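Both backbone and side-chain heavy atoms feed into the values below; hydrogens, waters and symmetry mates do not. Not measured: the values here are computed from a predicted model.
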Amino acid sequence: MKIYNTLSKKKEEFIPIEEGKVRMYVCGPTVYNLIHIGNARPMIVFDTVRRYMEHKGYEVNYVSNFTDVDDKIIKKAIEEGVDAGVISKRYIAECKKDMAAMNVKPATTHPLATNEICGMLDMIQTLVDKGYAYRAADGTVYYRTRKFQEYGKLSHKNLDDLQGGNRSLLVSGEDQKEDALDFVLWKPKKEGEPYWESPWCDGRPGWHIECSVMSRRYLGDEIDIHAGGEDLIFPHHENEIAQSEAANGKTFARYWMHNAFLNIDNRKMSKSAGNFFTVRDISEKYDLQVLRFFMLSAHYRSPLNFSGELMEAAKNGYERIVTSVGNLNYLLNNASSVTMSGEEKELLKGMDGLAAKFDEAMDDDFNTADAVSVIFELVKFANTHAEEKSSAAFVGALKEKITELADICGLIVEKEEAILDGDIERLIEERQAARKAKNFARADEIRNELLNKGIVLEDTREGVKWKRA
């Protein structure tokens with residue numbers, strides 16, 4: 001298996017720290033609003049990496065955080081007149097709904113920044129003790145960037161070139177810094193903002209320290225893979241390396257993976273430009289499995305352009321696979337023979353070759369575009385050779401292989417029969433009767449049954465309204 005390592009700028013053979021196990025950290029979203037489709041790309045991409053690793057027999061410890069204390073969260077909380085925790089909890093729940101709809105598996109651990117403050121204080125103190133950090137007059141703690149001699153090794157930036165004043169490193173209180181390139185580890189509280197006590201001042205952590213601490217706690221001092229969008233390479237991931245390696249005295253991550261940007265109609269996604277979509281926006285028009293299929297249609301390191309035309313193409317491609325599996329189910333249920341014939345056994349040898357081709361594509365830096373093409377070849381193979389006279393064993397083998405490879409990509413291609421409107425209304429009436437009889441357990445059971453079938457209920461003054469999710 002080859003992985004393109006941002007650190008070395010080349011593909012490298014994947015060799016885990018511990019045989020048979022993978023320690024993987026993926027930077028998660030800052031939860032101040034609904035996630036957008038730019039957030040969705042790394043979620044889908046690295047979930048697929050995880051799935052393939054598990055398919056290859058690895059035990060994957062997959063950690064992805066939620067940043068639940070941040071200027072944007074605080075701003076939103078002030079606007080609504082609520083505690084910042086109310087905002088973060090709300091949007092963590094909404095994010096998890098969207099992740100489930102995209103068939104993104106829950107991480108082994110989803111740590112919250114606000115639960116890891118003690119670990120941050122410990123790491124910052126270690127950096128101060130080692131001379132890599134210092135306290136300014138107002139209590140801000142800065143990292144001495146130049147003291148870490150390998151700074152810039154991930155982004156391949158030169159410190160002297162950065163000296164001119166890179167805006168991504170500049171913060172308020174520049175005059176307190178020993179060097180313009182030093183970055184914040186801890187900052188003083190402001191009126192009305194959440195804060196924690198520390199040896200330096202009452203305040204809160206800088207953004208970069210969070211991931212260093214959460215990665216160390218849940219995965220150890222050294223990890224196999226650290227991943228995220230390419231916008232995180234500098235300064236976030238560069239600063240993580242500086243913090244972690246100075247504090248722990250070990251290589252932080254062996255392999256660094258970054259997905260490329262997502263553009264909309266060939267322009268950078270931007271709220272101000274009006275070309276900005278949340279995952280929830282897309283769900284109103286498409287099954288989010290279509291969004292997942294679209295994201296996997298290009299290699300993760302290639303820029304991806306989002307447009308209505310391309311989403312329609314993705315919808316057609318996804319439905320082609322779903323239709324093929326549906327046809328195989330029909331043939332399976334109506335097969336006249338059980339045992340596979342000699343001719344069918346010979347045909348299946350060709351299918352095995354396609355499965356090997358799928359692994360070859362994924363082993364080459366997780367080339368999902370080529371892997372999906374192999375699934376299409378399997379679909380074509382099945383459509384050509386599966387007939388009404390085919391044996392159940394032959395048809396079942398075709399269906400099993402298509403669904404197996406699709407599942408590695410996180411694609412759900414075997415759909416449950418859709419519930420009819422009449423059945424929905426009948427269950428709503430039964431739920432209303434159960435509530436009237438104070439049988440709330442049955443009422444909740446019906447609500448959950450409908451929810452599992454993609455039907456969302458809303459109790460209003462005008463009665464119960466429902467919609468398909």
Enquirer: Report, as yes or no, whether the 6.0 Å neighbourhood of atom NZ on K357 holds more than 12 heavy atoms from other residues, nucleotides or ligands.
Expert: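 Not more than 12 within 6.0 Å, no.
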Enquirer: Using atom types as modelled and distance alone, determine if a side-chain donor or acceptor of R217 lies under 3.5 Å from a backbone N or O of E116.
Expert: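 Absent.
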Enquirer: Are R23 and E18 close enough for a salt bridge, meaning some N to O gap below 4.0 Å?
Expert: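 E18 and R23: salt-bridged.
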Enquirer: Hey, does the Lys NZ or Arg CZ of K157 hover above the aromatic six-ring of F234, less than 6.0 Å from the centre and inside 45° of the axis?
Expert: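 Cation-pi check for K157 and F234: passes.
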Enquirer: Is it true that a side-chain atom of T48 and a backbone atom of I44 form a donor plus acceptor pair closer than 3.5 Å?
Expert: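 Checking the backbone N and O of I44 against the side chain of T48, a donor-acceptor pair under 3.5 Å is found.
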Enquirer: Does any part of the side chain of N327, heavy atoms only, come nearer than 4.5 Å to the side chain of T323, both counted from C-beta?
Expert: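 In contact.
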Enquirer: Within a strict 4.5 Å, meaning less than it, do heavy atoms of the V69 and W196 side chains meet?
Expert: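 Side chain of V69 against side chain of W196, heavy atoms only: contact under 4.5 Å found.
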Enquirer: Hydrogens and angles aside, do S307 and D265 bring a side-chain donor and acceptor to less than 3.5 Å of each other?
Expert: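 No, no side-chain donor-acceptor contact under 3.5 Å.
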Enquirer: Under 30°, 30 to 60°, or over 60°: which ring-plane class applies to Y52 and H55, parallel, tilted or perpendicular?
Expert: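 Plane angle between 30° and 60°, so tilted.
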Enquirer: Can you see whether E245 engages Y151 through a side-chain donor-acceptor pair at a distance of less than 3.5 angstrom?
Expert: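 Side-chain D/A pair, E245 to Y151: absent.
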Enquirer: Working to the nearest 0.5 angstrom, can you tell me the gap between I17 CD1 and R254 CZ?
Expert: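 These two atoms lie 5.0 Å from each other.
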Enquirer: Does the pair R431/E445 count as a salt bridge with the N-to-O cut at 4.0 Å?
Expert: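 No salt bridge links R431 with E445.
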Enquirer: With R292 as reference, evaluate L288, V290, L296 under the side chain to side chain contact (heavy atoms under 4.5 Å, CB included) test and give the passing residue.
Expert: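 Only one of L288, V290, L296 forms a side chain to side chain contact (heavy atoms under 4.5 Å, CB included) with R292, namely L296.
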Enquirer: By the definition ring pair (Phe, Tyr, Trp, His ring centres under 6.0 Å), identify the one residue from F66, Y62, Y218 that meets it with H110.
Expert: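 That would be F66.
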Enquirer: Can you tell me how far the CD1 atom of I74 sits from the CD atom of E193, to the nearest 0.5 Å?
Expert: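 It is 4.0 Å, given to the nearest 0.5 Å.
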Enquirer: Do the side chain of T114 and the main chain of D68 share a donor and acceptor less than 3.5 angstrom apart?
Expert: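 Pair absent, no side-chain N/O of T114 close to backbone of D68.
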Enquirer: Tell me the closest heavy-atom pair linking A84 and P194, and the distance in Å.
Expert: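 Shortest heavy-atom separation between A84 and P194 comes out as CB-CG, 4.4 Å.
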Enquirer: Taking L181's backbone N and O only, do any of them form a donor-acceptor pair with T145's side chain (distance below 3.5 Å, no angle check)?
Expert: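 Present.
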Enquirer: What closest approach, in Å, do M123 and A247 show between heavy atoms, and which atom pair accounts for it?
Expert: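 Heavy atoms of M123 and A247 come nearest at CG-CB, 3.9 Å.
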Enquirer: Which atom pair, heavy atoms only, marks the closest approach of I241 to L154?
Expert: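 Closest approach of I241 to L154, heavy atoms only: CD1-CB, 3.7 Å.
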Enquirer: Answer yes when R447 and D459 have at least one side-chain N-carboxylate O distance shorter than 4.0 Å, and no when they do not.
Expert: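 D459 and R447: salt-bridged.
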Enquirer: Please walk me through it: do D423 and R426 pass side-chain contact (heavy atoms from CB on, under 4.5 Å)?
Expert: CA-CA 5 Å; D423 292 330; R426 177 183 58 77; 4.2 Å; yes
Enquirer: Are R51 and D47 close enough for a salt bridge, meaning some N to O gap below 4.0 Å?
Expert: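 Looking at D47 together with R51, the answer is yes, because their closest N to O distance falls below 4.0 Å.
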Enquirer: If only atom types and distance count, is the side chain of T278 paired as donor or acceptor with the main-chain N or O of D281 below 3.5 Å?
Expert: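 It does hold such a pair.
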Enquirer: What is the minimum heavy-atom distance between G463 and T460, and which atoms define it?
Expert: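 In terms of heavy atoms, the two residues are closest at O-OG1, 2.6 Å.
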Enquirer: Evaluate the criterion salt bridge (Lys or Arg N to Asp or Glu O under 4.0 Å) for residue pair K401 and E404; output intermediate values, then yes/no.
Expert: CA-CA 5 Å; K401 185 55 65 176; E404 177 194 350; 3.0 Å; yes
Enquirer: Salt-bridge test for K105 and E54: reply yes if a basic N is under 4.0 Å from a carboxylate O, no otherwise.
Expert: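 Judged by the 4.0 Å cut-off on N to carboxylate O distance, K105 and E54 do form a salt bridge.
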Enquirer: Please say whether the positively charged group of R204, taken as NZ for Lys or CZ for Arg, lies over the ring of Y195, i.e. under 6.0 angstrom from the six-membered ring centre and within 45 degrees of the axis.
Expert: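 Judged by the rule (NZ or CZ under 6.0 Å from the ring centre, within 45° of its axis), R204 is not positioned above Y195.
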Enquirer: Can you check side chain to side chain donor-acceptor pair (under 3.5 Å) on E312 and Y286, steps first, answer last?
Expert: CA-CA 9 Å; E312 285 298 320; Y286 296 100; 2.7 Å; yes
Enquirer: Quick one: sort the Y143 and F148 rings into parallel, tilted or perpendicular, breaks at 30° and 60°.
Expert: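 It falls in the perpendicular class, over 60°.
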Enquirer: Please report whether the ring centroid of H36 lies less than 6.0 Å from that of F277.
Expert: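 Not close enough - the centres of the two rings lie 6.0 Å or further apart.
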Enquirer: Assess, by modelled atom type and distance only, whether the side chains of K10 and N5 contain a donor and an acceptor separated by less than 3.5 Å.
Expert: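 There is no such pair between these side chains.
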Enquirer: Flag the pair K2 and D363 as a salt bridge only when some basic side-chain nitrogen lies within less than 4.0 angstrom of an acidic carboxylate oxygen.
Expert: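 Looking at D363 together with K2, the answer is no, because their closest N to O distance does not fall below 4.0 Å.
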Enquirer: Going through the distances and angles, do H258 and H237 end up as a side chain to side chain donor-acceptor pair (under 3.5 Å)?
Expert: CA-CA 10 Å; H258 295 93; H237 287 168; 2.8 Å; yes
Enquirer: Assess whether side-chain contact (heavy atoms from CB on, under 4.5 Å) is satisfied between D70 and W207, documenting all intermediate values.
Expert: CA-CA 8 Å; D70 176 86; W207 175 39; 5.6 Å; no
Enquirer: Kindly determine whether T403 and E414 satisfy side chain to side chain donor-acceptor pair (under 3.5 Å), including the steps that lead there.
Expert: CA-CA 8 Å; T403 54; E414 190 168 11; 5.6 Å; no
Enquirer: Hey, what's the ring geometry for F252 with H226, parallel, tilted or perpendicular (30° and 60° as the breaks)?
Expert: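 Aromatic pair F252/H226 classed perpendicular.
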Enquirer: For a quick test of reading the model, state the closest non-hydrogen atom pair linking L328 to V395 and the distance between them.
Expert: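 L328 and V395 have their closest heavy atoms at O-CG1, 3.3 Å.
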Enquirer: Passes side chain to side chain donor-acceptor pair (under 3.5 Å), Y300 versus D365? Steps please.
Expert: CA-CA 9 Å; Y300 76 91; D365 193 31; 2.6 Å; yes
Enquirer: Any salt bridge between R90 and E80, counting N to O under 4.0 Å?
Expert: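 A salt bridge links R90 with E80.
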Enquirer: For residues I117 and P205, determine if any side-chain heavy atom of one lies less than 4.5 Å from a side-chain heavy atom of the other.
Expert: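 Counting from C-beta outward, I117 and P205 do come under 4.5 Å.
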Enquirer: Run the side-chain contact (heavy atoms from CB on, under 4.5 Å) check on I37 and F306 step by step: do they pass?
Expert: CA-CA 9 Å; I37 56 176; F306 180 94; 3.8 Å; yes
Enquirer: Show the numbers, then the answer: is there a side-chain contact (heavy atoms from CB on, under 4.5 Å) between Y255 and S8?
Expert: CA-CA 9 Å; Y255 304 88; S8 64; over 6 Å; no
Enquirer: Compute whether any side-chain donor of one residue and acceptor of the other, for W186 and T140, lie under 3.5 angstrom apart.
Expert: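 No, no side-chain donor-acceptor pair sits under 3.5 Å.
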Enquirer: Are R301 and Y4 in a cation-pi contact, defined as NZ or CZ under 6.0 Å from the six-membered ring centre and within 45° of the axis?
Expert: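 Because its charged atom sits under 6.0 Å from the ring centre and within 45° of the axis, R301 does stack over Y4.
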Enquirer: So, N305 side chain and N266 main chain: donor-acceptor pair closer than 3.5 Å or not?
Expert: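 Checking the backbone N and O of N266 against the side chain of N305, a donor-acceptor pair under 3.5 Å is found.
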Enquirer: Is any side-chain heavy atom of K56 less than 4.5 Å from a side-chain heavy atom of D359?
Expert: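 Touching, per the 4.5 Å side-chain cut-off.
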Enquirer: Specify the closest pair of heavy atoms between A298 and L304, including all atoms of both residues, with the distance to one decimal.
Expert: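 Nearest pair, atom of A298 first, then L304: CB-CD1, 3.7 Å.
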Enquirer: Between K11 and D364, does any NZ, NE, NH1 or NH2 come within less than 4.0 Å of an OD or OE carboxylate oxygen?
Expert: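 Looking at K11 together with D364, the answer is yes, because their closest N to O distance falls below 4.0 Å.
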Enquirer: Can you check whether S64 reaches T109 side chain to side chain, under 4.5 Å on heavy atoms?
Expert: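 No, every pair of side-chain atoms sits at 4.5 Å or beyond.
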Enquirer: So how far is it from I375 CD1 to I321 CD1, rounded to the nearest 0.5 Å?
Expert: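 Answer rounded to 0.5 Å: 5.5 Å.
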Enquirer: Taking only Lys NZ, Arg NE, NH1 and NH2, and the carboxylate oxygens of Asp or Glu, determine whether E238 and K153 approach each other closer than 4.0 Å.
Expert: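 Salt bridge between E238 and K153, a charged N being under 4.0 Å from a carboxylate O: no.
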Enquirer: Can a salt bridge be assigned to the pair K75 and E79 using a cut-off of 4.0 Å between side-chain N and carboxylate O?
Expert: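 Salt bridge between K75 and E79, a charged N being under 4.0 Å from a carboxylate O: yes.
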Enquirer: Does the side chain of N65 come under 3.5 Å of the side chain of Y25 through a donor N or O and an acceptor N or O?
Expert: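 Side-chain D/A pair, N65 to Y25: present.
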Enquirer: Between E94 and K97 (salt bridge meaning N to carboxylate O under 4.0 Å), is one present in this structure?
Expert: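 A salt bridge links E94 with K97.
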Enquirer: When you compare the side chain of L411 with that of N103, does any pair of heavy atoms fall below 4.5 Å?
Expert: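 Of all side-chain heavy-atom pairs linking L411 with N103, none is under 4.5 Å.
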Enquirer: Side-chain contact, heavy-atom cut-off 4.5 Å: Y91 with I73?
Expert: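 Side chain of Y91 against side chain of I73, heavy atoms only: no contact under 4.5 Å found.
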